[in-house]
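A short write-up of the structure that comes next.
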There are 2 protein chains.
Amino acid sequence: MDNPLARKLSHFTRLSASDQAALDLLSRQRVRQVNARHDLIREGDRPDHVNLILSGWACRYKTLEDGRRQIIAILLPGDLCDLNIFILRTMDHSMAAITPVTHAEVSREVLEEVTLKQPRITQALWWDALVTAAIQREWSVSLGQRTALERVGHILCELFVRLRMVGLTNGNCCEFPITQVDLADATGLSAVHLNRTLQELRAGELIVLRDRLLTIRDLPALQVLSLFNPNYLHLDAEGQQYGANEP
Amino acid sequence: MDNPLARKLSHFTRLSASDQAALDLLSRQRVRQVNARHDLIREGDRPDHVNLILSGWACRYKTLEDGRRQIIAILLPGDLCDLNIFILRTMDHSMAAITPVTHAEVSREVLEEVTLKQPRITQALWWDALVTAAIQREWSVSLGQRTALERVGHILCELFVRLRMVGLTNGNCCEFPITQVDLADATGLSAVHLNRTLQELRAGELIVLRDRLLTIRDLPALQVLSLFNPNYLHLDAEGQQYGANEP
DNA sequence: CGGCTGCTTGAACTTGTTCAACAGCGGTGG
DNA sequence: CCACCGCTGTTGAACAAGTTCAAGCAGCCG
C-alpha cells in the first residue's frame with residue numbers, strides 16, 4: 001500500500017477494495033509539485049480545491065505584521081487540507097512546503113462524488129478531520145503549559161506516531177526533514193533555545209537527530225518526559241464497527 | 001431575537017422563518033442547568049449528544065498530570081459543541097462551566113433531522129465549525145508568538161467581538177464574568193502576571209474591567225496593540241449568496 | 001464572626017530571548 | 001578550480017519577560 005491517505009484511514013476503519021480504489025482516484029487528481037519553502041496557498045486566497053499531500057512535509061502558518069511567524073500545523077503525507085474550505089470565502093492563513101512536496105488538487109466535485117458513493121470513506125474523513133482538530137487543541141496545551149523541553153519532546157513524539165501511521169518510519173527511525181528554525185516556529189521557541197533543547201534531549205540519550213534523520217532511542221521515556229498521551233490521536237481503531245464486509 | 005445561535009448564524013446567511021423555527025427547536029431540547037465551575041463533560045466520557053450553550057460562559061480545557069491546566073476554548077451563548085462528536089469514541093478533553101450555564105442537549109437524531117430539512121442551516125453550521133477551527137488556530141498564534149500584553153488584549157478583542165455577534169454587548173460594554181485565574185489559564189500566563197497585564201491595559205486607558213463588567217475604551221487602539229485582525233472570524237456575511245428567499 | 005474566593009503587591013528567581021559571532025556545507029559563477 | 005554566498009546549526013554572554021513564593025486586603029456568605 002503506497003497510498004498514505006488509505007494507510008492512515010485504515011487505522012480508523014476497514015477499507016473495501018472499492019474504498020481503496022476511490023482513495024487511489026483522489027491521489028491521482030491534478031498532481032502538482034512545489035519546491036521547498038514555497039507557498040501552496042496564501043492568506044487571502046480563495047481556493048477552489050482541497051490539497052492532499054502525497055509526499056514531503058508542509059505546514060500551515062500565520063505571520064504577524066512585524067514578521068513573527070507561528071507554524072500552526074505540520075502536514076505529512078496523507079494529510080488532507082480543509083475539507084470544507086469551500087464555505088469560507090478566503091483563507092485566513094497560509095500553507096507552505098517545508099520540503100519539496102507532491103500533492104493532489106482535488107476538486108469539490110470529485111470529493112463530493114467519492115463521499116457520496118463511499119460512505120465509509122466519508123466517515124473516515126470525518127474521523128480524520130476531528131483528529132486534526134484534536135491535534136490543534138493539543139498544540140494549544142503545549143504552547144500554553146509545557147516547558148521548552150516538554151514541548152520539543154512532545155512534538156517529536158507526535159510526528160513520530162503520525163509518520164508511523166502512514167508507514168514512514170523504520171523501527172525507531174524516521175526521516176525528519178525540518179529545519180531547526182521551522183521547529184522553533186512550530187513550538188513557539190527561539191531558534192537558539194530550540195537548538196539547546198534538542199541538545200538536552202540528545203544528552204539525555206532520548207533521541208538522535210542528525211542529517212535529517214531522527215532516531216528515538218527511548219520512546220517511553222520521551223513520552224513520560226513530554227507528558228505525551230497519545231489518546232488525542234484516537235488511534236484505537238474506533239471505527240472498526242463500520243468495517244468493510246466486501247473482500 | 002433571543003436565540004443566540006440564530007443570531008450568530010445570521011451573520012453568515014439570511015435565515016428564513018422555518019430556519020428560525022428549526023433553530024428555536026434545537027434550543028428547546030432537554031434544557032439543563034450547570035453550576036459555575038462544574039464539568040459539563042469529562043475527558044474519557046462518551047457523549048451521546050451535542051451541547052448548545054444558551055446562557056452563561058463555559059470552557060474546554062485539558063489538564064496535565066501535575067495539575068497544569070490549559071483552557072483551550074471559551075464557549076459563549078450560541079456556541080455548539082462538537083457537531084460530529086459521535087464519530088470519536090471518547091472525549092479527549094473536558095468542558096466546564098465558568099459561570100452558571102444553561103444549555104440544551106441535542107440528540108444526534110434531532111440534529112440530523114434539522115440539517116436534513118434545512119440545508120441553509122447545515123451550511124451555516126459548517127461555517128460556524130470552520131470559524132471555531134480558525135479561532136483555535138489564532139489561539140495557537142497568540143500562545144506561540146504574542147507577548148503577555150498582546151495576548152490579553154487579543155483575547156479581550158476576540159471575546160468582545162464574539163459577544164457582539166450574539167447581542168451580548170451594549171455599546172462598548174459587556175458582561176465579563178470570568179476570573180483572572182481562568183483568563184490566565186486561557187492565555188498561558190500565571191495569574192500574577194495576568195493581573196499585572198490587565199493593570200497595564202487599564203493604565204493605558206484601553207479598558208475598564210471591574211465587577212465582572214468590561215468596557216473597551218478604545219477598541220481600535222486595543223486592536224492595534226494586540227495585532228488583532230478580525231478576519232479569522234469570517235464575519236463579512238460570506239454566506240449571503242445562500243440567503244433565504246422565503247419571508 | 002470566620003472562612004472562602006478573587007484580586008493585588010513586592011521581591012527573588014528562572015526560563016527563554018536577543019545579539020553576535022563562527023563553522024560546515026553545498027551551490028554558483030568567475 | 002577556487003572564491004564567495006547563503007543557509008543551517010552551534011556557542012557565549014547579557015538581558016528581558018514572565019514565574020514563583022509569600023503575604024495582605026476586600027467582599028461575600030453562612
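Residue numbers begin at 1 in each chain, while the letters A, B, ... track the order of the sequences.
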Strictly below 4.0 Å: does [X] bring a side-chain N or O up to OP1 or OP2 of [N]?
X        : N      : value
A:Gln180 : D:dC7  : no
B:Arg68  : D:dT20 : no
A:Asn195 : D:dG9  : no
B:Gln199 : C:dC7  : no

Open item on the list: When you measure only distances, ignoring hydrogens and angles, does the side chain of B:Arg196 come within 3.5 Å of the base of C:dG10 through a donor and an acceptor?
Closed with: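 Answer is yes: a donor-acceptor pair is held.
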Between [X] ([atom1]) and [N] ([atom2]), how many Å, whole number?
X        : N      : atom1 : atom2 : answer
B:Leu183 : C:dG6  : CG    : P     : 13 Å
B:Glu150 : D:dG18 : CD    : P     : 9 Å
B:Leu198 : C:dT9  : CG    : P     : 12 Å
B:Leu143 : D:dG18 : CG    : P     : 13 Å
B:Leu194 : C:dT9  : CG    : P     : 13 Å
A:Leu209 : D:dG9  : CG    : P     : 8 Å
A:Arg146 : D:dT19 : CZ    : P     : 17 Å
A:Asp185 : D:dC7  : CG    : C1'   : 15 Å

Pick base, sugar-phosphate or nothing for [X], based on heavy-atom distances below 4.0 Å to the nucleic acid.
X        : answer
B:Arg37  : sugar-phosphate
B:Arg212 : sugar-phosphate
A:Thr179 : sugar-phosphate
B:Arg202 : sugar-phosphate

TODO: Measure from the side chain of B:Ala148, starting at C-beta and using heavy atoms only, and say which of D:dG12, D:dA22, D:dG18 lies closest.
DONE: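 Selected nucleotide (nearest to the side chain): D:dG18.
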Open item on the list: Assess whether a salt bridge exists between A:Glu138 and A:Arg146, defined as any Lys/Arg side-chain N lying under 4.0 Å from an Asp/Glu carboxylate O.
Closed with: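 Salt bridge: yes.
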Task: Pairing residues for A:Phe176 by the ring pair (Phe, Tyr, Trp, His ring centres under 6.0 Å) criterion, not counting sequence neighbours - done: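 Ring pair (Phe, Tyr, Trp, His ring centres under 6.0 Å) list for A:Phe176, sorted by chain: A:Trp57.
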Open item on the list: Determine whether a donor-acceptor pair (N or O, by modelled atom type, separation under 3.5 Å) exists between the side chain of B:Gln136 and the backbone of A:Arg137.
Closed with: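 No: the side chain of B:Gln136 does not pair with the backbone of A:Arg137.
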Open item on the list: Tell me whether A:Asp182 contacts the main-chain N or O of A:Thr179 through its side chain, where contact means a donor paired with an acceptor under 3.5 Å.
Closed with: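 No, because the side chain of A:Asp182 does not come within donor-acceptor range (under 3.5 Å) of the backbone of A:Thr179.
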Task: Over 12 non-hydrogen atoms of neighbours within 6.0 angstrom of CD in B:Gln29 - done: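 Counting other residues, nucleotides and ligands, CD of B:Gln29 exceeds 12 neighbours.
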